[in-house]
Amino acid sequence: MKNVKEIHDKIKKLLYSHTGITLTENKDIMISNRIEKLKRNCKYSGEIEELLKLIENGQYVTEFINSFTTNKTHFFREDFHFIDLRDRVLPEFAKNNQTINMYCSASSTGEEPYSMAMTVEKVREDLNSRFNATIIATDIDTNVLQYAANGIYRYSKSSKEFPEWIKPQKYFKRRIEKNLAGEDILIKANDNLKRMISFQVMNLNNPSYPFQKNQFDVIFCRNVLIYFSTEDQNAILKKLFKHLKIGGTLYLGHSENPQDLINYVKRIGQNIFIKEKEIV
Ligand SMILES: C[S@@+](CC[C@H](N)C(=O)[O-])C[C@H]1O[C@@H](n2cnc3c(N)ncnc32)[C@H](O)[C@@H]1O
């Protein structure tokens, strides 16, 4: 490899132009690892400089994006948001037998939207209601979306991913898979969960989003803004905000905040915001 700094700078530029993701200075090891992943994804064994030229000319762009996104997630991550959804938001819709429309804006491998769907199922059971719910789940990474749409996960009894108020056996079918290392328990989301969610590819850095004004009652935008500059975080939040109803709920990740929306929302809990008015 020739000039590492030049290569990393070119990657940062390309990544920003395709996704809006800003890689900070101290990401050199991560970038080197992702270069290897990129080459594997493209089945490319030549020099990285040559591969970057191809990407600049529009080839391997999907592989490039998929190699450089960070997809860490798990079921019921920051579970207080699902508790708020269960106790405050969903019962209103159940009581009035009203449809709730939710949006999960960076759904990664699907654990977040499936957790939303399980929370809906839990409220339906507890309140004996069949209120309708829709979840649109988007991500820029086509690999994770495919994984999410399959809805099959490795389950470890020790993982403590599911809170005590959720019984995963109600929502997933179990299958044992034998392999060289022994066996794995696989769990597959049932049709009730799957029917609720529609997975779509979408770039949050696009100038606008393909949704209607005030389409959603709830928006999850968690642990994705951290990959963007402050300016771009604000731009994304403002675009998302248009699609949230007045009175709707915005859930942000633990180190994210509503920034320029601050005068238009009411904070009601740990990174839980209610939309009070439109931005004028
Ligand atoms: C760390 S995961 C967070 C997943 C989930 N929201 C959670 O909190 O567990 C971040 C996700 O954001 C997605 N992402 C990054 N840049 C994006 C963009 N410009 N548009 C849409 N999704 C993006 C990545 O592909 C990744 O799956």
Side-chain angles (χ1 to χ4, degrees), residues 11-24 27 30-31 34 37-38 41 61-85 102-119 135-151 153 159-163 197-211 216 218-240 243 249-257 270-273:
I11 286 175
K12 286 178 186 174
K13 223 167 120 196
L14 271 172
L15 190 64
Y16 184 74
S17 73
H18 285 293
T19 67
I21 294 173
T22 301
L23 290 180
T24 48
K27 288 282 190 290
M30 185 266 230
I31 296 176
R34 300 298 175 88
K37 184 174 176 189
L38 172 65
N41 285 348
V61 171
T62 303
E63 290 84 351
F64 174 72
I65 294 171
N66 293 355
S67 304
F68 278 90
T69 53
T70 299
N71 310 115
K72 185 180 167 337
T73 185
H74 58 81
F75 288 110
F76 293 94
R77 181 177 195 180
E78 293 161 50
D79 68 342
F80 41 86
H81 287 161
F82 299 96
I83 291 171
D84 180 69
L85 189 63
M102 300 193 272
Y103 176 45
C104 176
S105 66
S107 58
S108 187
T109 37
E111 287 87 337
E112 188 174 54
Y114 284 116
S115 301
M116 295 159 74
M118 277 182 268
T119 308
I135 301 168
I136 294 178
T138 64
D139 201 283
I140 197 173
D141 181 332
T142 54
N143 283 344
V144 292
L145 283 170
Q146 183 58 55
Y147 189 101
N150 285 340
Y153 299 89
S159 69
K160 291 213 177 83
E161 279 194 304
F162 295 93
I197 310 170
S198 129
F199 289 101
Q200 300 169 17
V201 61
M202 200 194 88
N203 183 352
L204 286 168
N205 208 37
N206 285 347
S208 63
Y209 304 151
F211 309 124
F216 300 109
V218 166
I219 294 181
F220 276 66
C221 178
R222 307 188 316 157
N223 307 302
V224 61
L225 293 174
I226 43 172
Y227 300 105
F228 295 84
S229 70
T230 310
E231 197 185 339
D232 292 336
Q233 292 184 16
N234 261 316
I236 290 171
L237 279 169
K238 281 187 186 156
K239 281 181 278 179
L240 283 175
H243 304 291
T249 303
L250 173 68
Y251 295 105
L252 298 180
H254 61 276
S255 48
E256 296 161 334
N257 66 69
Q270 225 172 326
N271 275 0
I272 305 173
F273 302 91

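Whatever order the structure lists ligands and atoms in, that order sets their numbers, starting from 1.
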The one among Thr70, Val144, Thr69 that brings a heavy atom closest to atom 26 (C) of ligand 1: Thr70
Atoms in ligand 1 flagged as close to Arg222, the criterion being non-hydrogen separation under 4.0 Å: 3 (C), 5 (C), 6 (N), 7 (C), 8 (O)
Minimum-distance protein heavy atom relative to atom 9 (O) of ligand 1: Thr73 OG1, 2.6 Å
For Gly151 against Tyr114, the heavy-atom pair lying closest together: CA-OH, 3.5 Å
Atom of Pro163, atom of Asp79 and distance for their closest heavy-atom approach: CB-OD2, 4.4 Å
Nearest neighbour in protein (non-hydrogen) for atom 24 (C) of ligand 1: Asp139 OD1, 3.5 Å
Per-atom contacts, ligand 1 versus Arg77 - under 4.0 Å to a heavy atom: 7 (C), 8 (O), 9 (O)
N/O separation below 3.5 Å, Ser105 to ligand 1: no
Worked verdict on Asn223 versus Glu112 for side-chain hydrogen bond (donor to acceptor under 3.5 Å, both in side chains): CA-CA 11 Å; Asn223 307 302; Glu112 188 174 54; 5.5 Å; no
Enclosure of Lys13 NZ (heavy-atom neighbours >12, cutoff 6.0 Å): no
Derivation and outcome, side-chain hydrogen bond (donor to acceptor under 3.5 Å, both in side chains), residues Tyr251 and Asp84: CA-CA 10 Å; Tyr251 295 105; Asp84 180 69; 2.7 Å; yes
Ligand 1 atoms in contact with Met202 (distance to a heavy atom under 4.0 Å): 20 (N), 21 (C)
Side chain, backbone, both or neither: Tyr227 near ligand 1, heavy atoms under 4.0 Å: side chain
Proximal atoms of ligand 1 relative to Ile21 (non-hydrogen, under 4.0 Å): 15 (C), 16 (N)
Option nearest atom 5 (C) of ligand 1 (shortest heavy-atom distance, choices Ala106, Ser108, Cys104): Ala106
Residues that Ser105 engages under side chain to side chain contact (heavy atoms under 4.5 Å, CB included), provided they are two or more places apart: Tyr103, Leu204, Cys221, Leu240
Ligand 1-proximal atoms of Glu111, by part, heavy-atom distance under 4.0 Å: neither
Phe228, portion touching ligand 1 at heavy-atom distance under 4.0 Å: side chain
Heavy-atom nearest neighbour of atom 3 (C) of ligand 1 within options Ile140, Asn223, Asp141, Leu204: Asn223
Donor-acceptor under 3.5 Å (Tyr153 side chain, Thr109 main chain): yes
From Asn143, Leu38, Val144, residue fulfilling side-chain contact (heavy atoms from CB on, under 4.5 Å) relative to Asn66: Asn143
Test item: Ser108 side-chain N/O and Asn71 main-chain N/O as donor-acceptor pair under 3.5 Å: yes
Ligand-residue contact atoms, ligand 1 with Lys72, heavy atoms, under 4.0 Å: 1 (C), 2 (S), 3 (C), 4 (C), 9 (O)
Residue Thr19 vicinity, atoms of ligand 1 by number, heavy atom under 4.0 Å: 19 (N)
Backbone N/O of Asn41 and side chain of Glu63: donor-acceptor pair under 3.5 Å: no
